[in-house]
Structures are given as C-alpha cells and as structure tokens.
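Below, all heavy atoms of this structure are taken into account, side chains as well, without hydrogens, waters or symmetry copies. Start at 1 with the first residue, then count along the sequence. Ligands are counted one by one from 1 in listed order, and the atoms in each one are counted from 1 as well.
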Amino acid sequence: MSDCLFCKIADKTIPAKLVYEDDRALAFRDLNPQAPTHVLIVPRKHIPSLNELTDADAALVGHLHVVARQVAHDEGIAADGYRVLFNTGKLAGQTVFHIHLHLIGGRALGWPPG
Ligand code: 5GP
Ligand code: ZN
C-alpha cells in the first residue's frame, strides 16, 4: 500500500534497523524503544489491524510468532522472558495501521499493561 509507513519500510523506501527478514516478514527496531529490546515484526502483506485478519492469514500470523521466537533468541532475552503483542485500534493505542507484533524485553515488564 503506497501511503503505508511499514509497507515503505518493507520495500526499503524508508530505512529501518533490520534484525531479520524473509519472503513473508521482516523485523526491525522500534524508533522509540520502550525497553532495551523493542523490535517490530511485520508481514510484507498489508493488513491494517487484527480486525481485518482472515482465516487465510492464520499461517502468516503464526509465522510472525516464529520470527519473534528467533529474534528473542538472537537478542539474548529468550531465557529471561519477554512479551509479544498486537495493539489493535484506538483504545489500545495503535498508531500504525499495518499489523506489527511488538517484541519487548530486556527488563521487568509490569502487568497489567497501562
Ligand atoms: P503501535 O502504537 O501502532 O502499536 O506501534 C507503532 C510503533 O511504531 C511505535 O512503537 C512507534 O515507536 C513505531 N514507529 C513509528 N514510526 C516508526 C518509524 O518510522 N520507524 C520505526 N522503526 N518505528 C516506528
Ligand atoms: Zn502497509
């Protein structure tokens, strides 16, 4: 999608600090990290939010989690623990409408989130 920030990062029109990429997904560091490790895992396919997800996307969303596991391992945070989440919609604070799994770790994380 031409006016989407994360589509532009995926096609390298806009730079980002990539930590992983394959034919279906990429992972890059959040511009405004909320923890020592804060990586966004993004499908190449433009899906605005979880609200627009279909059954056909199930394997893709599963794949994002497999990538999260790999990045957590590579970042050295797998053993101590980390969090992965999709913000969805206004009340959750979603600001970029191309789904992205936040991978957050490297410090103790409060629960429930604010
Ligand atoms: P959301 O609030 O939609 O769940 O998350 C969007 C995330 O994208 C935020 O954590 C924000 O810091 C990050 N972000 C916004 N613009 C950019 C950008 O241009 N590059 C990168 N790497 N991250 C961005
Ligand atoms: Zn997009």
Angle, SG of C4 through the Zn ion (ligand 2) to ND1 of H98 - 10° precision: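 My answer is 110°, to the nearest 10°.
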Only heavy atoms of [X], strictly under 4.0 Å: list the atoms of ligand 1 that pass.
{"X": "F28", "value": "22 (N)"}
{"X": "H102", "value": "1 (P), 4 (O), 5 (O), 10 (O)"}
{"X": "H100", "value": "1 (P), 3 (O), 4 (O), 5 (O), 6 (C)"}
{"X": "N32", "value": "12 (O)"}

Donor-acceptor contact present, side-chain Q94 to main-chain G89, <3.5 Å: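 Looks like yes, one N/O pair under 3.5 Å.
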Heteroatom of H46 nearest to the Zn ion (ligand 2) (N, O or S, atom name):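 Closest to the Zn ion (ligand 2) among those atoms: ND1.
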Short N-O contact, D57 and K45, less than 4.0 angstrom: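 Looking at K45 together with D57, the answer is yes, because their closest N to O distance falls below 4.0 Å.
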Hey, does [X] come in under 3.5 Å of ligand 1, counting only N/O atoms on both sides?
{"X": "N87", "value": "yes"}
{"X": "Q94", "value": "no"}
{"X": "G93", "value": "yes"}
{"X": "F6", "value": "no"}
{"X": "L40", "value": "no"}

Smallest separation among heavy atoms of A35 and I104, with atom names: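 Scanning both residues completely, I find the closest heavy atoms to be CB-CG2, 3.5 Å.
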What I'd like to find out is whether the side chain of [X] reaches to under 4.5 Å of the side chain of [Y], using heavy atoms alone.
{"X": "E52", "Y": "H46", "result": "no"}
{"X": "R44", "Y": "E21", "result": "yes"}
{"X": "H98", "Y": "C7", "result": "yes"}
{"X": "I99", "Y": "P48", "result": "no"}

H100 ring center near F86 ring center (under 6.0 Å):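 No - the distance between ring centres of H100 and F86 does not fall below the 6.0 Å cut-off.
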Going by distance alone, is a donor N or O of one side chain under 3.5 Å from an acceptor N or O of the other, for [X] and [Y]?
{"X": "D74", "Y": "Q70", "result": "yes"}
{"X": "H63", "Y": "D22", "result": "yes"}
{"X": "E75", "Y": "T37", "result": "yes"}

For [atom], closest protein heavy-atom neighbour:
{"atom": "atom 7 (C) of ligand 1", "value": "D30 OD2, 3.5 Å"}
{"atom": "atom 22 (N) of ligand 1", "value": "R29 O, 2.9 Å"}
{"atom": "atom 15 (C) of ligand 1", "value": "L5 CD2, 4.2 Å"}
{"atom": "atom 23 (N) of ligand 1", "value": "L31 N, 3.2 Å"}

Proximity winner for atom 3 (O) of ligand 1, if only heavy atoms of T95, I9, I104, I99 are counted: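 It is T95 whose heavy atom sits nearest to atom 3 (O) of ligand 1.
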Any K17 heavy atom less than 4.0 Å from ligand 1: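 Flag not set, K17 not near ligand 1.
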